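Note that ligands are numbered from 1 as they come in the structure, with each ligand's atoms numbered from 1 the same way. In this chain, numbering begins with 1 at the start of the sequence shown. Keep in mind that what you see is a predicted model, and the values were worked out from it rather than measured.
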Amino acid sequence: MAVERTLSIIKPDAVEQNNIGNVLAMIQGAGLKVLGTRMPHRSRAQAEGFYEVHRERPFFGELVEFMTRGPVVVTALEADDAVKRYRTLMGATNPAEADDGTIRQAYGTDIGENACHGSDSVENGKIEVGYFFPEYLLK
Ligand code: ADP
Ligand code: MG
């Protein structure tokens, strides 16, 4: 299996509820290696750029508002099959549908405020890690 990189974002809801350590413990407990982490409070323009693919969706304004209301914890992860493994650990987008043992089941509130983001493909994992951690782009 190939070593991949994927981007995790602990969203403002989970940061506000003091769940940074709990989420990172689940990530490390699942065997995903932390390459680097940062805690930026992002601007509206940055959040709009990151979620550009969702611009036409009805919840775009709400999503940008949410993702900019406080700091987030952005973490670059590396492991065999990291993209799929982290998506599985996060659980379904809607926490009400997320399996037991997932981050969203444990710490998500609703389909918007769902505690975490994870890259959705190997290609996007590379792009998103490079976006927040340019020092990892060429390695
Ligand atoms: P995922 O984060 O599971 O990949 P999507 O890429 O479909 O999910 O959506 C990106 C983010 O937009 C979600 O994590 C969630 O915060 C928000 N979102 C998705 N669907 C809705 C919705 N119906 N209403 C409000 N916010 C939503
Ligand atoms: Mg997505």
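Taking both residues in full, the closest heavy atoms of Ile27 and Ile103 are given as CG1-CD1, 4.4 Å, listed atom of the first, atom of the second, then distance.
Neither Tyr131 nor Met39 shares a network with the other; the hydrophobic side chains, linked directly or stepwise wherever heavy atoms of I, L, V, M, F, W or Y lie under 4.5 Å apart, form separate groups for each.
With respect to the salt-bridge test (charged N to carboxylate O, under 4.0 angstrom), the residues Arg42 and Glu48 do not qualify. A salt bridge is absent between Lys126 and Glu4; no separation between the charged side-chain nitrogens and carboxylate oxygens falls under 4.0 Å.
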Just list the side-chain donor-acceptor pairs under 3.5 Å for residues 82-91, sequence neighbours left out, or say none.
| unit_1 | atom_1 | unit_2 | atom_2 | d |
| --- | --- | --- | --- | --- |
| Arg85 | NH1 | Asp80 | O | 2.9 |
| Arg85 | NH2 | Ala30 | O | 2.9 |
| Tyr86 | OH | Ser8 | OG | 3.0 |
| Arg87 | NH1 | Gly118 | O | 2.9 |
| Thr88 | OG1 | Lys84 | O | 2.9 |

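Ring to ring, Phe50 and Phe132 are close: their centroids are under 6.0 angstrom apart.
Enumerated by chain and number, the residues approaching ligand 1 to less than 4.0 Å through a heavy atom are Lys11, His54, Arg57, Phe59, Glu62, Leu63, Arg87, Thr93, Arg104, Ile111, Gly112, Asn114.
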